[in-house]
Structures are given as C-alpha cells and as structure tokens.
Amino acid sequence: MSNHPIPRADDRATADAAPFEDHGAAPPRAGGIAARAMGAARPASYLDNLNPEQRDAILTIDGPLLVLAGAGTGKTRVLTTRIAHILATGRAFPSQILAVTFTNRAAREMKERIGHLVGGAVEGMPWLGTFHSIGVKILRRHAELVGLRSDFSILDTDDQIRLMKQLIQAEGIDEKRWPARQFAGLVDSWKNRGLGPKDIGEGEARSFGNGLGRKLYADYQDRLKVLNATDFGDLLMETLRLFCENPDVLADYHRRFRFVLVDEYQDTNVVQYLWLRLLAQGSKNICCVGDDDQSIYGWRGAEVDNILRFEKDFPGAKVIRLERNYRSTAHILASASHLIAHNEARLGKTLFTENEDPEAEKVCVAAAWDSEEEARSIGDEIERLQRGGHSLNQIAILVRASFQMREFEDRFVTLGVPYRVVGGPRFYERLEIRDALAYFRIVAQPADDLAFERIVNTPRRGLGDASIQILHAYGRANRVPLTAAAGHLVETEELKGKARTALRDLMQSFARWREQLEHLPHTELAEIILEESGYTEMWQKDRSAEAPGRLENLKELIRSMQDFESLAGFLEHISLVMDRDQDASADAVSIMTLHSAKGLEFDTVFLPGWEEGLFPHQRALDENGRAGLEEERRLAYVGITRAKHRAKIWFASNRRIHGSWQSSIPSRFLDELPDAHVEVVEQQNRYGGYGLDTVGAYGASRFDNRGSFNSTYETPGWQRARANKAAGTTGFATPGGERPRIRQIEGELIARSVVGGDPRFTVGARVFHQKFGNGTVSSVDGNKLTVDFDRAGQKRVVDSFVTAL
DNA sequence: TTCTCACCCATTTTT
DNA sequence: TGGGTGAGAA
C-alpha cells in the first residue's frame with residue numbers, strides 16, 4: 001500500500017491536539033524518528049561530509065532562509081538533511097513540517113532520501129508533497145467553505161477545455177475565433193496570478209471572446225461548483241481563498257506547520273508565493289531552496305522575481321550560497337558559468353569544483369550539414385561509447401523542442417540502440433485510460449457530467465450529438481446533472497426509440513455498478529465495468545496497430561488499482577500523481593527536452609540543435625525580448641550542467657521544420673562559451689560526411705547573396721562573434737558581420753541559389769569517393785549529391801568529397 | 001450518426 | 001511535412 005493522499009481520520013485531528021495524536025503515531029518507538037529526536041545529543045552522523053555552507057544551511061533552522069544552490073551543489077541533500085535535523089533535534093514532529101515540491105518525481109525522491117536518513121519509512125511526513133497534492137489535501141478538509149463537497153473531482157486540461165467550449169458556444173461566440181484552448185490558457189494564467197473573475201483588469205477581461213472574458217471566467221467557475229469539480233489551478237487558488245476568508249482555518253495551519261520548506265523556489269508563481277507567504281507567517285521558519293539561473297518556467301507563470309526579492313519579502317532573511325559543485329568537470333562548469341554570466345538579471349553565483357581531472361574532456365562543439373547528419377553522428381558516437389563500456393543509462397540527448405526527438409528515434413531504431421523518451425504523454429493522458437477513468441468516475445461521482453459526456457457514446461451506442469443536446473437542454477432547464485437528466489428522459493417520449501433504449505441500458509448499468517461498489521473489491525468492479533460496457537470489446541475488435549497496446553494499458557490500469565484501498569482513493573491519486581513508470585532497469589539512452597532534464601544528471605550529454613531560431617527559440621525572442629533570451633540562456637545552462645564528464649554540443653546548418661528547409665546559423669550561445677574550455681571538433685572525412693568545411697563553404701556562399709537578407713541584429717553576442725571571427729578564434733562566426741534572418745525556403749532553392757553546387761557534377765557523371773570508390777551521380781541537390789556507388793550502393797555525399805572522373 | 005476531406009497550424013509542460 | 005479539427009456528404 002503506497003501512501004496516497006486521501007485524508008484519513010487521524011489527519012482530521014485539530015492542529016492543537018497533542019502532536020502524537022496528530023500523526024496517529026504511538027509514543028516514540030525505540031530507534032524511531034521520535035526516539036532519535038529526543039536523545040540526539042551526540043553529533044549526528046548525517047552532518048558528516050558536508051561543506052561549511054551546506055552545514056550552515058542545515059543548521060540554520062529558525063527564521064527565513066534562502067539557499068541559493070547552483071547546479072550540482074547538493075541542493076536536495078541540504079533539503080533532506082535539514083528535515084532530518086529538525087526531526088532529530090526534536091524541533092518538530094514529522095506532521096509539523098510542510099515540504100513542497102513541484103513535481104511528483106521530486107517529492108518521491110525527497111521521501112526516499114529522508115527515509116534513508118532517518119531510517120525507515122516516512123509515513124509520518126504527511127505534508128511532504130507537490131503544491132497541488134497538498135492543496136487538495138487542505139481543500140478536501142474544508143471543501144464546504146469554498147462551495148464544494150469533499151469528494152470533488154479534479155478536471156484535467158482536456159475536461160477543462162471541453163467545459164469551456166460548451167460555455168463559449170452557449171454565449172454564441174464564434175469558437176473558431178476564440179478557441180477554448182486559448183481561453184483555458186488565459187484562465188490558467190489568471191489563476192497562476194491568483195486572480196478571480198472579479199480581480200482581472202478591465203483590459204484583460206475584454207481581451208477574449210468579444211469582451212466577454214470575465215463573464216466566461218465567472219460562468220466557468222460557477223459551472224465547476226455545480227459539477228463539484230476543480231481544475232488544477234483551483235487547487236491552489238481556492239486554498240488561498242479559503243485561507244483569506246477563514247482566518248481561523250489559517251490560524252490552525254499556522255499552529256500546525258512549525259517549518260516550511262520549498263524546493264525549486266525559482267519556479268514558484270504568484271499564487272504559490274502568496275500561499276507560502278501566508279502559511280509561513282505563523283512560524284516564520286521558511287526555507288526556500290532554488291537557483292535563479294535555473295528558472296526556465298517563466299512562460300508558465302513562474303516569477304523569477306520571487307527568488308530575487310526574497311530578502312525583501314521575508315525581513316531578516318538569511319541567504320546562503322552553495323557554490324561548490326560536485327557533479328561536473330572543470331571544463332563543463334567553466335563553460336556553463338561563462339555562458340550564464342551573459343545574463344543580467346541574476347543574483348550571481350560563482351560555481352567552482354575541485355574536480356580538476358587533467359584527463360577531462362573539454363566541452364565539444366561540432367557541426368553537421370543537416371539534422372539528419374547530426375543524428376547520424378551522435379548515433380555513431382553513442383555506439384562508440386557503448387563499445388567502450390559506457391552505460392547507455394548515463395547518456396542523454398537533450399533537445400530544445402520535441403520535434404527534434406524524432407530524428408534520433410529513427411536513427412536509434414536503425415542502429416538498434418535502445419532508447420527511452422522521457423516526458424512524453426503521461427499514462428493517464430492516454431485516450432483509453434481517460435475513457436476507462438471516465439467510467440469509474442461516473443460510478444463514483446454521479447454528477448460528473450464531463451465523464452458522462454466522454455463515455456456516453458463510447459463505444460458507439462447510437463447516442464450522438466442530437467441526443468446529448470436533448471439531455472443538456474433538460475439538464476440546464478431543471479438544473480440537474482446530465483445523469484439525472486438522463487434518468488428522467490428515459491421515462492419520457494422526448495428521445496426516440498433506439499437512443500432511448502440505449503440510454504436506458506446505460507443508466508441501468510450505472511445503477512448496477514454503483515450498487516456493486518458497495519460489495520465488490522474495486523479492482524474486480526473495474527474489470528466488470530470495462531467488460532459490461534463493451535469498452536474492452538471495442539478495442540478487441542479494433543484492428544489498428546495501437547489497439548493491442550491500449551488493451552495492455554487497460555490491464556496495467558487495473559493492476560495499479562490494487563495499490564489503493566478504494567475507487568475514490570485511486571481516482572484522486574491518478575489525476576494528481578500517477579505518471580508513467582519508466583523501466584529504469586533497462587540500459588537505454590534517454591531522449592528528452594531540456595525542460596524535463598532539470599534535476600537530472602548524466603555522464604555524457606548531447607545537446608543538438610544549437611541554432612539561432614531554434615535555440616534560442618525565435619518565439620521566445622519575439623514574445624519576450626531580452627527576458628526571453630535570458631530564459632533561453634538559462635535553459636542552455638541547465639543543459640550543460642546536466643553533464644558530469646562529457647558535454648557535446650551540435651548544430652546543423654539545415655533543418656527541415658515543417659516540410660520546408662530552414663537554413664540556420666549557429667546559436668549565439670556558442671559564441672558565449674569560453675574558448676579555453678571548448679574544443680571545436682572538425683568532422684573531417686570521418687564518415688565521408690560534411691564537416692565544418694562544408695559549413696564554411698555554405699556560410700560563405702550564402703553571404704554572397706547577402707542582399708536578400710535583412711540584417712537588424714546588433715547584439716553584443718553577435719558583435720563578439722564577429723570579432724572572434726575576425727581574430728580567427730572560432731569557426732562559427734559568419735563573415736560579413738550582418739545577421740541574416742532565418743528564412744524558410746524550399747529545399748531545392750536553398751541548395752541551388754544559396755549554396756551553389758559544383759557545375760561539374762551533373763546527373764550521370766562518374767565520380768570517385770575516398771571511402772566509397774567509384775560511382776555514378778543519380779541526382780544533384782545543390783552541393784549534395786546522391787551517388788550510386790559501384791560497390792557501396794546509394795549514398796548522399798557532399799560534392800567536395802568526391803572528384804570528377 | 002458517422003465518415004471523409006479540406007483546412008489550419010505548428011516551443012518549452014507540471015499538476 | 002503531419003496531426004488535429006470542423007463542416008459537409010453518405
């Protein structure tokens with residue numbers, strides 16, 4: 001039985017009850033947390049092997065504390081040891097510590113590590129979790145104070161959008177012009193800032209849906225209450241409202257939480273900040289750990305300002321900097337530090353390491369002709385590492401945007417290199433899982449209209465739009481949920497024959513399952529529901545390629561239910577916590593976005609796609625200017641600092657983005673790396689490939705056509721790049737000094753007009769290649785030739801690598 | 001009701 | 001280029 005966040009009776013004890021009763025524990029067990037807490041006189045072993053700053057951060061228990069922890073400086077260790085220390089010194093019981101993280105992964109890791117430190121399970125830390133899971137926990141206890149019942153359901157983004165779509169349509173607003181998805185984003189950003197319908201500014205309120213933004217938002221909130229539901233944003237917003245409107249409740253939590261600890265403080269948004277500040281007012285013992293240089297979620301509402309302003313917000317705050325890095329080599333560290341130093345808005349830290357391995361590899365920068373070659377070369381290099389005994393688990397490819405992943409996947413499939421994509425769609429976001437959950441929800445929570453709508457005609461029962469509209473009309477007129485409306489309508493003549501029979505059958509099934517809920521184990525019931533509803537059968541009959549996988553996922557879903565004692569407990573867990581279990585056992589290369597790599601580390605890290613427009617991403621620059629650029633730079637910093645021993649940065653001169661070719665120039669970030677710690681790898685002939693020479697040639701010829709480019713950029717990085725080029729220090733800067741805008745051009749056009757192929761190579765020409773021997777040119781694509789080699793078969797090569805015969 | 005075709009649009013993502 | 005969506009036909 002894992003620890004799930006359903007409130008238990010003992011959790012409902014009031015805060016001023018005796019601490020022991022509070023977390024339902026017996027008096028201190030010998031060797032237990034509390035026992036250690038009582039007699040911790042001798043210096044505790046957990047304080048061994050800490051550096052002075054870490055020790056200071058752990059021992060400074062009273063008052064506000066900000067720990068600025070650079071990448072790889074032992075942030076999690078400080079956080080967990082601090083908790084262990086608070087417990088060991090008897091300053092608080094486990095149930096009196098509030099520890100919040102952003103992700104379930106981080107929460108899980110913290111639980112495990114505290115478990116190691118204090119020996120045994122951390123059953124007694126009920127308030128260690130994500131912002132959201134703690135939010136729900138509080139909200140369920142006081143649901144009635146914010147107009148909900150304690151069994152409220154939590155809508156995911158998909159439900160949220162469907163609900164909004166209905167409201168938008170109900171207002172007669174053109175859903176094409178004002179997409180529900182966009183509105184969901186807007187509402188989300190309001191909730192991130194802690195703004196209710198009444199709080200949003202006039203301008204913003206009018207900015208959506210022909211000026212009806214505020215009304216739609218208010219309608220949406222009303223609807224949620226009617227459905228007894230919340231969305232993710234509400235879990236924090238409503239808790240905040242609860243505290244503000246009910247000082248006695250807040251006082252209760254003030255008494256309860258003697259210590260507040262926050263992980264990744266740089267990622268907090270406004271609500272989270274307000275929420276924390278409110279809770280920390282009680283004890284004033286708030287410890288935030290974070291790194292302003294790793295703030296990469298500004299676009300999601302995170303306020304770097306929170307961390308920059310900490311000392312003002314919490315008067316008397318102490319700030320401790322952790323700058324000693326235990327992860328990376330000096331080269332990697334120097335590269336990352338040098339890069340991030342280009343940012344203006346930062347508190348400033350200087351990371352250092354004592355890892356002065358003379359053998360350490362410099363950070364490597366390499367060029368490829370196009371993204372395909374980039375993937376090919378990285379694939380080859382990984383194979384080489386593998387042959388040298390390098391574990392694939394310790395290799396990661398970190399990309400800026402997920403479309404970049406595909407090329408690597410394709411390549412790895414070809415090579416037979418095992419890989420895993422980290423952070424793809426979550427388990428519970430899959431279609432079949434959501435359908436199944438909708439069935440379970442409708443049984444557990446009859447008023448859940450969104451669940452009802454989702455499965456009312458899945459599998460097909462002949463209950464289409466027309467029928468649903470009738471239900472909706474009735475439901476709205478009589479202010480009852482859809483299932484209630486359905487219950488009435490099967491008794492009347494409003495629905496025609498087939499639909500009516502189908503609906504009646506369905507309603508009878510619901511009734512039967514609800515009745516069985518009382519008697520049967522929930523896993524068994526779940527199977528019965530999927531079976532009797534015809535849902536399993538639907539996929540069994542489906543002959544598409546993904547059907548077997550979906551059936552497998554459904555089985556997995558049932559299996560995972562065994563860990564919960566009730567259907568309700570399971571439902572809450574899955575919407576909030578469940579993520580796909582990665583089989584970490586298999587040895588495989590990890591492919592993920594830079595964002596999802598935060599907090600991880602690998603021996604070898606590949607960083608492909610360092611090109612202007614992709615990284616830094618054009619949109620970040622366009623929409624947020626300098627701030628956007630700085631966030632991108634932080635992302636680059638996060639990427640490099642994931643590497644322990646080897647960091648390999650790549651860029652490709654050509655990339656196919658949406659079917660058309662995009663020519664690109666090296667990222668300005670490359671010019672921000674320190675020469676002394678970086679090695680530019682010349683790809684020379686290694687695979688008959690296209691190395692820097694080619695890039696040079698490409699660049700030169702492109703700038704011969706410079707007239708067609710607009711040049712407006714005059715950034716410092718760019719100027720430096722230009723200077724570097726003049727001094728001959730880097731291979732990347734572009735001659736001419738003007739920055740071209742990235743353009744979209746047809747592939748052929750690029751090749752012909754921009755690069756310019758060698759006129760000697762025409763279709764049918766005989767050529768010789770060092771590696772592949774003699775062959776006949778079968779097609780020409782700029783300076784790239786497709787050649788049918790007599791012995792090596794068909795290859796694509798660059799014309800500079802072959803000679804005409 | 002359901003299927004098909006045309007059209008639109010393309011970062012980053014946790015809960 | 002490809003996936004997701006909405007309007008129209010079968």
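Note on naming: letters A, B, ... go to the chains in the order of the sequence lines (proteins, then strands), and numbering restarts at 1 for each one.
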task = Whole angstrom is fine here: how far is it from CG in A/D158 over to P in C/dT5?
result = 9 Å
inquiry  = Expressed as a whole number of angstroms, how long is the span from A/I657:CD1 to B/dT11:P?
reply    = 9 Å
request  = Tell me whether the OP1 or OP2 atom of B/dT15 has a side-chain N or O from A/N104 closer than 4.0 Å.
outcome  = yes
ask   = Between A/K176 and B/dC9, does any side-chain N or O lie under 4.0 Å from OP1 or OP2?
value = no
task = Would you check if the distance from the ring center of A/Y217 to the ring center of A/W190 is below 6.0 Å?
result = yes
ask   = Is there a stack between A/H658 and C/dG2, judged by ring centres under 5.5 Å and planes under 30°?
value = no
inquiry  = If I take atom CG in residue A/L139 and atom C1' in nucleotide B/dT15, what distance separates them, rounded to the nearest angstrom?
reply    = 14 Å
inquiry  = For the residue pair A/R140 and A/F152, would you count it as a cation-pi contact if the rule is NZ or CZ under 6.0 angstrom from the ring centre and within 45 degrees of the ring axis?
reply    = yes
inquiry  = Just the rounded figure in Å: distance from C1' of B/dT14 to CG of A/D231.
reply    = 14 Å
note = From CD of A/Q618 across to P of B/dT11 the rounded distance in Å is 13 Å
key: A/D267 and its salt bridge (Lys or Arg N to Asp or Glu O under 4.0 Å) partner, picked from A/R634, A/K598, A/R300   = A/K598
ask   = Are the ring of A/Y297 and the base ring of B/dT13 both nearer than 5.5 Å at their centres and tilted by less than 30°?
value = no
ask   = Is it true that A/Y273 and A/W275 have ring centroids separated by less than 6.0 Å?
value = no
message = Rounding to an integer number of Å, can you tell me how far A/R619 CZ sits from B/dT13 C1'?
response = 14 Å
message = Using O4'-C1'-N9-C4 for purines and O4'-C1'-N1-C2 for pyrimidines, with syn meaning within 90° of 0, is B/dT12 syn or anti?
response = anti
request  = Mind calculating the distance between CE (A/M237) and P (B/dT15) to the nearest angstrom?
outcome  = 21 Å
ask   = Salt-bridged, A/R411 to A/E407, with N to O below 4.0 Å?
value = no
task = Measure the distance from CD1 on A/I168 to P on C/dG6 and round it to the nearest whole Å.
result = 11 Å
query = Taking for each residue the nucleotide of DNA chain B with the nearest heavy atom, is it A/N457 or A/I296 whose nucleotide lies nearer the 5' end?
reply = A/N457
